Amino acid sequence: MNLALCQNKLESTFFNDVYEVVKLIPKGRVTSYGAIARYLGATKSARLVGYAMNAAHSLPNVPAQRVVNRNGLLTGKHHFATELRMQELLEKDGVKVKDDKVIDFAKRFWDPLIELTF
DNA sequence: GTGCTGACTGCAG
DNA sequence: ACTGCAGCCAGCA
């Protein structure tokens, strides 16, 4: 499946959709770039999700800290104000982090493909 | 207009 | 088990 199809070629809804999904992430839960990408029908575009997160900094209500890589690793922490900022926000949500990794990632994992299944 | 890079992921060697 | 490469889109030089 091509990402262009999702974008409808008229507007780049990719970033927009990413933000939508990220906003829907429940407190105390986390998800991965790949999960979001797959939900949007662009499994191979996980990188773009991360890139979208970069741009998400300028937007409110976009908990980028709840989005980590598939290993539960806070690979994007470096893009926050401080490296500890991401972890602090997560722990504030009730997500414990150790060594830049989400504890019980499997349990905390929130997959839009499943949670948003109709 | 062309080309490289990036908060990733999965497959191949 | 570890390393390397390709694929995707948007932004910048």
Side-chain angles (χ1 to χ4, degrees):
Chain A
M1 184 56 77
N2 203 310
L3 179 59
L5 294 176
C6 285
Q7 294 189 321
N8 217 12
K9 214 119 201 286
L10 296 175
E11 292 183 7
S12 59
T13 59
F14 189 84
F15 276 35
N16 195 35
D17 287 343
V18 171
Y19 303 142
E20 290 289 315
V21 176
V22 175
K23 286 179 186 175
L24 293 175
I25 301 174
K27 183 178 181 180
R29 296 302 206 93
V30 295
T31 190
S32 70
Y33 305 95
I36 297 174
R38 182 154 36 183
Y39 175 73
L40 298 177
T43 312
K44 295 178 181 179
S45 301
R47 282 168 39 170
L48 286 310
V49 177
Y51 198 64
M53 292 297 93
N54 189 14
H57 276 296
S58 56
L59 300 170
N61 303 329
V62 181
Q65 74 277 8
R66 292 176 188 165
V67 184
V68 296
N69 72 347
R70 80 173 212 82
N71 295 314
L73 203 62
L74 279 55
T75 53
K77 66 168 188 175
H78 206 47
H79 291 264
F80 281 75
T82 67
E83 293 190 5
L84 293 177
R85 184 62 179 169
M86 190 172 185
Q87 181 174 331
E88 287 177 359
L89 290 171
L90 282 172
E91 294 188 338
K92 191 176 180 182
D93 283 351
V95 179
K96 293 174 184 175
V97 178
K98 172 131 189 166
D99 268 340
D100 302 333
K101 197 178 71 176
V102 175
I103 297 178
D104 289 332
F105 179 62
K107 294 180 183 177
R108 297 291 186 181
F109 187 69
W110 181 84
D111 190 344
L113 280 173
I114 298 174
E115 305 296 338
L116 299 180
T117 295
F118 301 94

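Just so it is clear: chains get the letters A, B, ... in the order the sequence lines come, proteins before strands, and each one is counted from 1. Note that this is a predicted model, so its numbers are computed, not measured.
A close approach under 4.0 Å does not occur between any side-chain nitrogen or oxygen of A:R47 and OP1 or OP2 of C:dA10.
For the pair A:F109 CZ and B:dC8 C1', the interatomic distance rounds to 13 Å; values are reported in whole Å. Nucleotide C:dC9 holds its P atom 18 Å from the CZ atom of A:R38, rounded to whole Å. A:L40 places its CG atom 12 Å from the P atom of C:dA10, with the value rounded to the nearest Å. A:N71 has its CG atom 7 Å from the P atom of B:dT9, to the nearest Å. Separating the CE atom of A:M53 from the P atom of B:dT5 is a distance of 23 Å, rounded to the nearest angstrom. We find that OH of A:Y39 is positioned 20 Å from C1' of C:dC8, with the value rounded to whole Å. What separates CD of A:E83 from P of B:dA7 is a distance of 13 Å, to the nearest Å. Regarding A:I36, its CD1 atom lies at a distance of 16 Å from the P atom of B:dA7, rounded to whole Å.
For A:S32, whose side chain is taken as the heavy atoms from C-beta onward, the closest listed nucleotide among B:dA7, B:dG10, B:dT9 is B:dT9. Distances from the side chain of A:A46 to the nucleotides C:dA10, B:dA7, B:dT9 place B:dT9 closest. Checking B:dC8, B:dG10, C:dC8 against every side-chain atom of A:S45, the shortest atom distance belongs to C:dC8. Relative to the side chain of A:K44, the nucleotides B:dA7, C:dG7, B:dG6 differ in distance, and C:dG7 lies closest.
Separating the C1' atom of B:dA7 from that of C:dC2 is a span of 23 Å, rounded to the nearest Å.
Using N1 to N3 plus N6-O4 or O6-N4 for Watson-Crick, or N1-O2 and O6-N3 for G-U wobble, each under 3.5 Å, C:dA6 pairs with B:dT9.
Among A:T82, A:D100, A:V95, A:D99, the one residue that satisfies the side chain to side chain contact (heavy atoms under 4.5 Å, CB included) test with A:Q87 is A:D100.
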Practice problem: Run the numbers on A:V21 and A:V49 for side chain to side chain contact (heavy atoms under 4.5 Å, CB included), then give the verdict. | Solution: CA-CA 11 Å; A:V21 176; A:V49 177; over 6 Å; no

Practice problem: Decide yes or no on side chain to side chain contact (heavy atoms under 4.5 Å, CB included) for A:M86 and A:H79, but give the supporting numbers first. | Solution: CA-CA 9 Å; A:M86 190 172 185; A:H79 291 264; over 6 Å; no

Exercise. Check the pair A:N71 / A:F105 against side chain to side chain contact (heavy atoms under 4.5 Å, CB included), numbers first and verdict last.
Key: CA-CA 8 Å; A:N71 295 314; A:F105 179 62; over 6 Å; no

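Within 4.0 Å of A:A64, counting heavy atoms only, lies at least one base atom of the nucleic acid. The residue A:N54 sits close to a base: some heavy atom pair falls under 4.0 Å.
Within the 3.5 Å criterion, the main-chain N or O of A:L113 finds a donor-acceptor partner in the side chain of A:D111.
Between the side chain of A:Y33 and the base of B:dA7, at least one donor-acceptor pair of N or O atoms lies under 3.5 Å.
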